J.: 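Take this structure first; my questions come after.
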Amino acid sequence: MKMIKLFKLLIIAFMAIVGFGFTQQDTKADRLIGIWEPSNGKSRVKIEKIGTKYYGKIVWLKEPIDPTTKKPKLDKNNADESMRNLPLKGYRILKDFNYTENDEWSDGTIYDPENGTVYSCVINMKENSVISIRGYIGVKALGRTDSWKKVIVK
Amino acid sequence: MKQYSLIILFLSFVFLSCNNKTSETVLTIDSLSIFAEGDLYEGSNTAQCEFASPLNAFLKEQSISIKNLESATVSECELSVADSTNLNVYSSISVQLTSEKEGMKNIAVLNPVPQNVNKVSIKTAENQENILELLKQNKIFAVADVNIKKDTAMNIDLKCKMKFKLKYKTKL
């Protein structure tokens with residue numbers, strides 16, 4: 001009888017440890033969720049979680065109106081012409097990031113609406129309120145890094 | 001004699017290889033409820049739902065191997081609102097699909113959203129890559145990115161109907 005009780009206790013303890021591990025991992029990964037501003041200050045990107053991956057979309061533009069059309073800016077450089085009608089505000093520029101470890105989110109892509117190009121991308125968290133975003137083609141060495149600051153919404 | 005056997009074997013192989021035809025079918029997903037809880041703020045908001053791929057049921061029903069699948073595209077995407085309100089609150093809507101193993105794909109965009117209607121058919125993307133790979137996943141997420149004209153306390157509750165055109169090989 002004592003053995004059964006002990007066994008049950010061991011199982012509960014094991015489940016608690018495993019559960020705690022998962023929760024801790026999730027909490028670490030979820031620090032990416034929030035609104036971030038690239039260094040040029042022209043836009044703000046909201047990063048959120050869908051399933052187990054992280055995605056970011058433009059939620060604010062410093063200059064939301066296209067000076068030529070006098071209408072909200074569209075994704076006019078999209079390689080797929082049928083998608084050029086999509087407004088830049090709300091556009092999902094960060095896609096498919098998985099939390100690996102050591103404050104790094106990888107396997108994702110970043111879209112540059114200025115030229116309609118999709119780059120491989122890795123995100124590193126320097127501090128809780130600063131991330132470095134590196135877009136690259138092929139190998140990480142061939143790329144560009146930008147620092148984004150977290151925007152505190154009051 | 002050995003040469004003849006080899007030729008016959010080769011011709012049989014060629015005949016069997018060419019003995020396939022490509023068939024086409026449409027898989028329909030009805031009444032997906034793409035949902036986000038309010039309050040919603042002016043600008044971009046996300047609504048999502050998870051659904052099971054219709055592919056497994058089709059393969060089982062038709063006794064087709066997954067190896068015989070050739071391609072898939074989203075051929076139709078229709079959105080409607082469940083309650084009596086219409087779509088006037090939205091200025092643009094884009095629909096995307098993603099899964100844990102496959103990347104997110106833009107499949108349809110609507111801008112502007114027609115006024116005073118409860119149902120719209122959205123133009124699907126011309127370039128659709130790896131939709132078949134997406135359908136091979138058990139769980140798929142449908143995501144609607146909607147731009148809202150003004151702050152509102154309502155929820156986003158879009159009913160979505162999607163049709164997938166599937167091409168597969170069958171024996172003659």
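Keep in mind the model is a prediction, meaning the values are calculated, not measured.
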J.: What residues of residues 61-77 of chain A sit under 4.5 Å from chain B when only non-hydrogen atoms are counted?
T.: A:Leu74

J.: Mind checking whether B:Leu97 and B:Met162 have side chains closer than 4.5 Å, heavy atoms only?
T.: yes

J.: So do B:Ser33 and B:Lys159 actually touch side chain to side chain, heavy atoms under 4.5 Å?
T.: yes

J.: Side chain, backbone, both or neither: which part of A:Lys57 has an atom under 4.5 Å from a heavy atom of chain B?
T.: side chain

J.: If the contact rule is any heavy atom under 4.5 Å from chain A, which residues of residues 135-150 of chain B qualify, in numerical order?
T.: B:Phe141, B:Val143, B:Asp145, B:Asn147

J.: Whether the A:Tyr99 and A:Thr52 side chains hold a donor-acceptor pair (N or O, under 3.5 Å, no angle test) is what I'd like checked.
T.: no

J.: Picking from A:Val59, A:Asp80, A:Asp107, which has the most non-hydrogen pairs under 4.5 angstrom with chain B?
T.: A:Asp80

J.: Can you give the donor-acceptor pairs under 3.5 Å from side chains of residues 100-114 of chain B to other protein atoms, not counting sequence neighbours?
T.:
{"unit_1": "B:Lys105", "atom_1": "NZ", "unit_2": "B:Gly103", "atom_2": "O", "d": "3.1"}
{"unit_1": "B:Asn111", "atom_1": "ND2", "unit_2": "A:Asn85", "atom_2": "O", "d": "2.9"}

J.: Between B:Glu70 and B:Lys169, is the side chain to side chain contact (heavy atoms under 4.5 Å, CB included) condition met? List the steps.
T.: CA-CA 7 Å; B:Glu70 288 188 333; B:Lys169 280 182 197 159; 3.2 Å; yes

J.: Other residues, nucleotides and ligands only: do more than 12 of their heavy atoms fall within 6.0 Å of NZ on A:Lys49?
T.: yes

J.: Please check if the side chain of B:Thr152 supplies one atom and the backbone of B:Met154 the other of a donor-acceptor pair under 3.5 Å.
T.: yes

J.: State whether a side-chain donor-acceptor pair under 3.5 Å links A:Glu48 with B:Thr46.
T.: yes

J.: Output yes when A:Glu37 and A:Lys149 qualify as a salt bridge under the 4.0 Å nitrogen-oxygen rule, no when they do not.
T.: no

J.: Name the atoms and distances for all side-chain donor-acceptor pairs under 3.5 Å in residues 119-130 of chain A, with sequence neighbours left out.
T.:
{"unit_1": "A:Tyr119", "atom_1": "OH", "unit_2": "A:Asn115", "atom_2": "ND2", "d": "3.3"}
{"unit_1": "A:Lys126", "atom_1": "NZ", "unit_2": "A:Ser147", "atom_2": "OG", "d": "3.0"}
{"unit_1": "A:Asn128", "atom_1": "OD1", "unit_2": "A:Arg31", "atom_2": "NH1", "d": "3.2"}

J.: Out of A:Lys46, A:Lys89, A:Glu81, which one racks up the most heavy-atom pairs below 4.5 Å with chain B?
T.: A:Lys89

J.: In the structure I gave you, are the side-chain heavy atoms of A:Tyr55 and A:Arg92 within less than 4.5 Å of one another anywhere?
T.: yes

